[in-house]
Amino acid sequence: MGIFGTGFWSNFQIPAWFEVGGVKITALYNRTVSKAERVAEKFHLADAHVYGDPEELLRREKIDFMDIITEIDAHAPLVLLAAKYKIPVICQKPMAPDLATAENMVEACRTAGVPFFVHENFRWQTPIRALKQALDQGLIGKPFRAQLSFLTGFPVFDNQPFMKTLEHLIITDLGSHQLDLSRFLFGEATRLYCQTHQVQSGIRGEDAATIMLDTANHTTVVIRMAYAGNPVESDHFPQTSFFVEGELGTIELTADNWLRITTKAGTLSKRVPPPHYSWADPNYDVVHASIVPCNADLLKAVKGEGQAETTGEDNLKTVRLVFASYDSAASGKVIYL
Ligand code: 89V
């Protein structure tokens, strides 16, 4: 396999590939070649070839698939390049900076017959899988309302400074994950309403947002998110916490990884922490651990051994919700999907 982009996130994506196993990284591209050389050295990729031109990599290397780990603006040109060279391609979320670009990426891969996947990892988090299992068991009956919260004072711009410059910030970076979780757990949305805030100064986009949506099964989902930089009591970055109300009871998933299922029979409490990997940044444990099962699911599909959950086609539905949220915030209107 080859890697496009050797910035912050590659430090976790690459060891997660080693954790999955069955792959060999034979080529790396980065705009600043010295960064790619450093990453190759750090991960002992002695045989890997390093490039400063992505097309040259595709022209020269015999590669089974590419993993794009760049920032958002580079996603589309690199996916289109992979489509041109007929190389299956995985791309980090958020897929694109606008809906038309995302649609074009999916269409280009479909037309070229090239498998295209989006690395959407939040749904692969251990606590989220446990919540999904509890919902599927039907213990609380049909959920009528769910609240998802990701409110943090963590300095997200220290690790990913490019986010300060994004016109669309928290709904693309984090809302992509939260809206995907909503789809994964509660099904497709039929309409939504959104409000945003810019709390911190020195950034271009919104750093707080609230989305309320209705699903086809008529579950009301409220998503609250903030990178507002304000101190938050019990800040368990980067966990998403949940409170789900059903006809027969409630399920709470707390940011410190407790799953509590309450029915007439009482409350069942379970710890559902993620595994810890030595290469993971402890500040990002639940997210970094989720890269492993996400990559395993994508690799299975790349090898033609089954369907991946987060194909480009599937993720386009999440991207539609992201930009419907911006449309709602700008117009003050409910958007029907
Ligand atoms: O996983 C991510 O998308 C990161 C963060 C956890 C900060 O949202 O950008």
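Note that ligands are numbered from 1 as they come in the structure, with each ligand's atoms numbered from 1 the same way.
Checked against a 6.0 Å centroid threshold, the rings of His119 and Trp124 do not count as neighbours.
Residues Thr215 and Gly187 approach most closely at CG2-O, 4.1 Å, considering heavy atoms.
Close approach of ligand 1 to Gln160 is summarised as follows: ligand atoms under 4.0 Å from at least one heavy atom of the residue are 4 (C), 7 (C), 9 (O). Heavy-atom proximity to Lys93, at under 4.0 Å, picks out these atoms of ligand 1: 2 (C), 3 (O).
Separating the CD atom in Gln160 from the CG atom in Asp173 is a distance of 6.0 Å, to the nearest 0.5 Å.
Between Arg145 and Glu245 there is a salt bridge, with a side-chain nitrogen of the basic residue lying less than 4.0 Å from a carboxylate oxygen of the acidic one.
On a distance-only criterion, Asp173 and ligand 1 share at least one N/O pair closer than 3.5 Å.
In terms of protein heavy atoms, atom 2 (C) of ligand 1 is closest to His177 NE2, 3.5 Å. Atom 7 (C) of ligand 1 has Tyr227 OH, 3.5 Å as its closest protein atom, hydrogens excluded (heavy atom only).
Of the N and O atoms on the side chains of Ser182 and Gln178, not one donor lies less than 3.5 Å from an acceptor on the other residue.
Proximity of Trp9 to ligand 1 is established by a heavy-atom distance of less than 4.0 Å.
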